[in-house]
Amino acid sequence: MEHRYDPHAVEQRWQARWAEQRTHEVQTDPSRPKFYCLEMFPYPSGRIHMGHVRNYTIGDVVARQRRMRGFNVLHPIGWDAFGMPAENAAIERGAHPADWTRENIAYMREQLARMGFSYDWSRELATCDPTYYRWEQRFFLAMLERGLAYRRKSIVNWCDRCQTVLANEQVEDGKCWRCDSPVLERELEQWFLRITAYADELLAGCDQLPGWPEKVLVMQRNWIGRSTGAELRFPVEGRDDVIRVFTTRPDTIFGATFVSLAVEHPLVAALSRGTSQESAVTAFVAKVKAQTPEERAEGKDGVFVGAYCQNPFTGERLPIYAASFVLMAYGAGAVMAVPCHDQRDFEFARTHDIPMRVVVQPDDAPPLDPAVMEAAYEGPGRLIASGEFDGLPNEEGKARITAAAEQRDVGRAATQYRLRDWGVSRQRYWGAPIPVVYCDACGVVPVPLEQLPVLLPTDAVFSGSGGSPLARLEHFVRTTCPKCGGPARRETDTFDTFMESSWYFLRYTSPQDTTQAFDPAAIRYWLPVDQYIGGVEHAVLHLLYARFYTKILRDLGEIPDWSEPGRTIEPFANLLTQGMVIKDGAKMSKSKGNVVDPDYLVQRYGADTARLFSIFAAPPERDLEWSDQGVEGASRFLNRIWRIIARGQSWLGAGAAKAGDAPSDAARALRRLTHRTIVRVTDDVERRSHFNTAVAAVMELVNGYADQVQESAPEDGDLAEAIREAARTTLVLLAPFVPHVTSELWETVGGSTALAEVPWPDADPAALVEASVEMVVQVNGKVRGRFSAPPDTSEEELLQRALADERVQAQIAGKTIRKTLVVPGRLVSLVI
RNA sequence: GCGAGAGUGGCGGAACUGGUAGACGCACUAGACUUAGGAUCUAGCCCGCAUUAGCGGAUGGGGGUUCGAGUCCCCCCUCUCGCACCA
């Protein structure tokens with residue numbers, strides 16, 4: 001072996017061997033237990049960054065450890081290859097998005113290989129490949145057929161910079177998730193997927209994912225935003241129209257004193273027409289529509305529309321207002337206003353001088369008086385001034401009033417969701433074409449299955465303006481109607497790229513299949529993903545879409561349902577959301593100039609050091625603060641192990657010495673340390689996902705024997721054997737973290753099989769037994785002494801030994817012992 | 001405002017079910033080896049007082065439960081993230 005640790009030579013050697021022997025390729029093999037380990041696939045932006053290094057190292061540790069555990073481990077990689085940066089590159093430097101993407105993939109593939117990640121490269125896929133997206137086009141047609149995909153004109157989020165529509169999930173703080181420019185509203189014909197039809201199932205699934213971080217589940221539940229209540233109908237005075245409102249508080253119907261409509265509500269214009277309010281309403285609507293969403297959120301403006309409706313329960317005449325805070329997109333775009341029991345209505349009523357009526361009176365409180373109330377009362381209580389419902393607890397009132405509304409045909413129970421259908425049309429080139437054509441005679445016509453895939457043309461021109469490049473390609477746009485044979489035009493929008501990332505993890509199970517999207521047997525064997533790892537930024541976007549897609553593909557019959565009876569199908573059993581890599585307090589980014597290039601790290605220290613640092617510096621879910629010295633420390637540790645093995649190589653590799661009848665204390669102690677470390681590391685990796693403490697435990701082990709490794713073996717044969725075991729265990733336990741250097745050293749110590757094939761060790765319970773444990777003596781809760789005793793010492797004896805301790809004696813001298821407590825194996829507690 | 005999470009040495013972080021607070025690493029200090037070392041090895045390293053044993057204090061602040069609290073309960077403060085007029 002080399003005397004000096006040369007990471008490059010070592011890493012090249014092992015990477016070449018793994019590639020040559022296809023070490024990490026796997027087959028679907030139902031005779032073996034499986035483990036599907038997946039990291040969120042990268043966008044081929046050009047080069048990998050530290051976030052990738054961290055994400056993929058965590059995944060690789062899991063994958064390699066589970067392999068050693070005997071699992072058949074699927075650990076694939078691919079490329080989320082459609083998307084805007086490719087198109088922007090085309091606009092900026094004239095590179096074709098396809099070429100730009102291909103070159104980036106080639107480079108990043110090399111980078112990942114240099115990190116030593118144990119992927120099954122035979123399963124690599126890229127979403128821009130027609131052999132991939134053709135299946136997506138087919139899924140879409142199937143959804144279309146079942147009404148799960150539909151087209152409608154709608155107000156959409158428009159990013160002017162990206163020249164495209166954004167999904168609700170892609171609007172952050174009123175800004176584009178990608179480029180941060182303000183999002184505008186536009187009215188466009190768009191394709192939607194009916195994710196709202198799956199709202200309840202998606203919600204139910206949240207309760208069946210114990211392996212997910214609570215934080216992510218909470219975000220998903222909030223995003224779906226289910227609320228239950230009633231839809232009530234308010235007839236408009238003097239017209240046939242009816243205003244439908246959604247309310248979660250049907251119990252307060254007797255307190256409704258006005259009704260508010262969104263400015264976009266069709267009745268606003270209709271009702272005000274011809275009244276004295278018409279001009280005021282027109283002006284107000286124009287003003288509100290011109291406001292940005294933030295401006296709109298500022299105030300609680302409104303105007304009387306000049307008409308009245310009728311409270312369906314009291315028959316009372318209620319004025320109708322147009323109000324800025326009512327959202328057309330939620331519920332029916334209309335609200336029944338109960339000032340005394342809703343804070344917004346309260347404020348609105350105060351400014352517009354609208355009457356207020358208390359209908360819920362809290363128990364054990366003085367009667368509420370609208371004249372002196374400073375805020376709406378939104379808590380529980382009993383109904384008052386509510387006719388036949390008086391005296392009911394308000395929760396019961398909800399049910400009773402809803403039932404009554406149904407009986408009188410003025411309303412019904414209703415559920416609302418915050419979740420909107422997923423708009424999937426994008427006015428961009430670099431995406432999967434939406435497989436429909438428009439025919440003047442036949443309308444919207446799906447492209448027949450046998451004509452799939454609709455290929456993305458390669459000869460588009462990228463100017464960055466004038467809309468989608470596809471729309472300007474006559475040869476693409478112009479086609480014939482599959483139904484009538486007449487002239488027709490192709491859809492020129494492409495799919496949102498989240499369409500591709502919503503099912504890639506399924507395709508990995510049979511990526512080369514040209515006859516079907518998925519091989520059911522492979523899906524049944526591999527799914528669900530046992531461990532999914534990625535950034536929290538996908539908590540709602542990708543992770544919600546992927547869950548939705550899985551359920552929809554089940555319903556389309558594309559995949560078998562792998563879920564247990566009574567549970568909903570879920571793609572990812574366990575989710576680990578890793579934190580960001582930050583430097584100088586900020587996320588690494590080009591614009592901040594605080595980027596550390598993984599290539600530089602690998603060049604200077606080697607991949608193993610980069611891997612070790614990114615694992616050791618912080619627990620995975622927390623942010624990792626970059627530290628140059630921390631990297632040095634990781635490198636130093638690997639060098640240290642190298643030196644230790646090198647020093648003892650003449651005897652560390654020798655065969656097992658005969659164990660003596662009565663091993664020395666030193667030998668026994670080291671064995672105990674070795675096996676305790678096995679327990680800790682196994683638990684940290686398999687159960688806790690605390691990889692940083694797993695590494696720390698191995699460091700402690702190394703500290704426990706390092707100085708005993710000299711050029712020749714110690715005289716004590718049992719100790720020599722204990723050291724051999726400790727050194728080998730070090731390499732085995734570290735193998736998932738730093739696979740190259742440990743593989744190399746494994747050869748040095750005479751490992752006969754490749755380290756990656758060595759079974760993960762089990763601790764020997766006998767070795768864990770301690771000859772004696774250290775006991776602590778507390779006096780009034782403070783540690784005053786300690787002694788060693790065999791673990792099976794009786795409580796009385798422990799107490800006697802505690803009392804005999806000199807320092808304890810000093811503390812209790814002249815005092816009365818009022819209470820004693822013995823916790824065997826831990827401590828003796830005295831109260832004086 | 002609502003929801004989730006977090007506040008522990010100079011720093012990253014340990015302490016999983018209440019039981020020796022600060023593992024492991026970084027930085028720092030001293031020493032050894034050295035022509036030299038940012039290499040390596042040895043020792044020290046929460047704070048204060050004593051410095052040889054010891055004593056007192058300390059996990060954002062304040063209360064509480066307990067023989068015993070970083071850990072459990074209540075109140076408050078700060079930070080991070082998410083959602084924010086959702087009727």
Side-chain angles (χ1 to χ4, degrees), chain A residues 4 172-173 213-223 225-227 229 245-249 252 259-260 262 293 296-300 323-327 329-338 341-345 347-348 416-419 536-537 539-540 579-580 612-613 616-619 621-634 636-637 639-640 643 680 683-684 687-688 690 692-703 706-707 774-786 806-807 810 818-823 825-832:
Chain A
R4 226 186 100 254
E172 294 170 350
D173 237 358
E214 191 54 32
K215 173 193 171 90
V216 174
L217 293 173
V218 166
M219 283 168 71
Q220 294 223 347
R221 286 191 194 103
N222 290 345
W223 189 262
R226 182 179 201 263
S227 48
V245 309
F246 173 74
T247 180
T248 54
R249 296 295 304 274
T252 63
V259 165
S260 309
R296 202 165 160 173
E298 294 281 302
K300 285 189 180 28
S324 62
F325 62 84
V326 180
L327 308 172
Y330 187 77
V335 187
M336 72 175 212
V338 185
H341 306 292
D342 180 280
Q343 187 57 28
R344 281 161 319 187
D345 298 342
E347 290 168 32
F348 194 87
Q416 274 298 326
Y417 299 92
R418 222 185 69 107
L419 184 69
V536 231
E537 64 272 19
V540 267
M580 294 183 302
L612 185 64
F613 171 73
F616 181 62
E621 64 283 357
R622 253 197 250 187
D623 286 349
L624 184 157
E625 172 76 38
W626 182 262
S627 156
D628 290 326
Q629 283 118 342
V631 178
E632 290 280 351
R636 204 176 304 162
F637 177 63
N639 272 291
R640 182 158 176 244
R643 276 196 309 276
R680 285 176 64 186
D683 191 51
D684 279 348
R687 182 179 64 86
R688 302 210 305 157
H690 280 200
N692 56 326
T693 51
V695 172
V698 180
M699 287 174 169
E700 281 185 72
L701 173 60
V702 173
N703 290 342
D707 58 355
E774 194 181 25
M775 296 286 297
V776 164
V777 188
Q778 292 185 344
V779 179
N780 282 356
K782 289 204 192 312
V783 180
R784 295 300 182 186
R786 43 194 80 197
E806 264 182 51
R807 279 174 63 205
R818 296 177 42 192
K819 188 168 177 183
T820 62
L821 203 108
V822 182
V823 184
R826 282 216 182 267
L827 52 74
V828 178
S829 186
L830 309 171
V831 186
I832 58 171

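The chains referred to below are lettered A, B, ... by the order of the sequence lines, with proteins before strands, and numbering in each begins at 1.
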Identify all pairs in which a protein N or O lies below 3.5 Å from an N or O of nucleotides 65-71 of chain B, and state each distance.
{"residue": "B:C67", "atom": "OP1", "partner": "A:Lys819", "partner atom": "NZ", "Å": "2.9"}
{"residue": "B:C67", "atom": "O2", "partner": "A:Ser829", "partner atom": "OG", "Å": "2.7"}

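- Nearest heavy atom pair, residue A:Arg249 against residue A:His341, reads NH1-O, 4.1 Å.
- One interatomic measurement links the two molecules: CZ of A:Arg688 to P of B:U17, which rounds to 9 Å at whole-angstrom precision.
- For the pair A:Gln778 and A:Leu821, the minimum side-chain heavy-atom distance is 4.5 Å or more.
- Checking side-chain atoms of A:Asp623 against main-chain N and O of A:Met580 turns up a donor-acceptor pair under 3.5 Å.
- Taking only side-chain atoms of A:Arg687, from C-beta outward, the nucleotide of B:C16, B:C86, B:A14 with the closest atom is B:C16.
- Distances shown here put every side-chain N or O of A:Arg622 at or beyond 4.0 Å from the OP1 or OP2 atom of B:G5.
- Using a 4.0 Å heavy-atom cutoff across all strands shown, A:Val536 reaches no nucleic acid atom at all.
- Closest to the A:Asp683 side chain, of the nucleotides B:U20, B:A14, B:C16, is B:C16.
- Checking B:C81, B:A87, B:G82 against every side-chain atom of A:Met219, the shortest atom distance belongs to B:G82.
- Residue A:Arg784 places no side-chain N or O under 4.0 Å from the OP1 or OP2 atom of B:G54.
- Heavy atoms of A:Asn703 sit under 4.0 angstrom from primed sugar atoms or phosphate atoms, though from no base atom.
- Regarding contacts with the backbone of B:C86, a side-chain N or O of A:Arg344 is found under 4.0 angstrom from either OP1 or OP2.
- At whole-Å resolution of the value, CG in A:Asp623 and P in B:C79 are 17 Å apart.
- Distances from the side chain of A:Val218 to the nucleotides B:G3, B:A15, B:C55 place B:G3 closest.
- When all heavy atoms of A:Tyr417 and A:Tyr330 are compared, the pair lying nearest together is O-CE1, 3.5 Å.
- Here A:Arg680 lies out of heavy-atom contact (under 4.0 Å) with every strand.
- For the pair A:Glu700 CD and B:G22 C1', the interatomic distance rounds to 13 Å; values are reported in whole Å.
- Here A:Phe616 and A:Phe637 keep their ring centres 6.0 angstrom or further from each other.
- Base-pairing analysis of RNA chain B finds the following stems of at least three consecutive Watson-Crick or G-U pairs, with both pairing distances under 3.5 Å: B:1-7 with B:77-83, B:10-12 with B:24-26, B:28-32 with B:40-44, B:46-49 with B:54-57, B:60-64 with B:72-76.
- Residue A:Gly633 is classed as a sugar-phosphate contact, given heavy-atom separations below 4.0 Å to backbone atoms only.
- Taking atom NE2 of residue A:His690 and atom P of nucleotide B:A15, one finds them 7 Å apart after rounding to whole Å.
- Contacts of A:Ser227 with the nucleic acid, taken as non-hydrogen atoms under 4.0 Å apart, involve only primed sugar atoms and P, OP1 or OP2.
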Report all interatomic pairs (protein N or O, nucleotide N or O of nucleotides 39-45 of chain B) with separations under 3.5 Å.
{"residue": "B:U40", "atom": "O3'", "partner": "A:Arg643", "partner atom": "NH2", "Å": "3.2"}

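- Residue whose closest nucleotide on RNA chain B sits further toward the 5' end, between A:Gln416 and A:Leu624: A:Leu624.
- Remark: A:Arg249 is not in phosphate contact with B:C86, judged by side-chain N or O atoms under 4.0 Å from OP1 or OP2.
- Taking CG from A:Asn703 and CZ from A:Arg640, the interatomic distance works out to 4.5 Å, rounded to the nearest 0.5 Å.
- Annotation: of the two residues near RNA chain B, A:Lys215 and A:Tyr417, the 5′-most nearest-nucleotide partner is A:Lys215.
- Among the nucleotides B:A87, B:G25, B:C16, the one closest to any side-chain atom of A:Phe616 is B:G25.
- A:Thr248 comes within 4.0 angstrom of sugar-phosphate atoms only, judged by non-hydrogen atoms across all strands, and of no base.
- The side chain of A:Asn692 contributes an N or O atom lying less than 4.0 Å from OP1 or OP2 of B:A14.
- Look at CH2 on A:Trp626: it is 14 Å from C1' on B:C26, rounded to the nearest Å.
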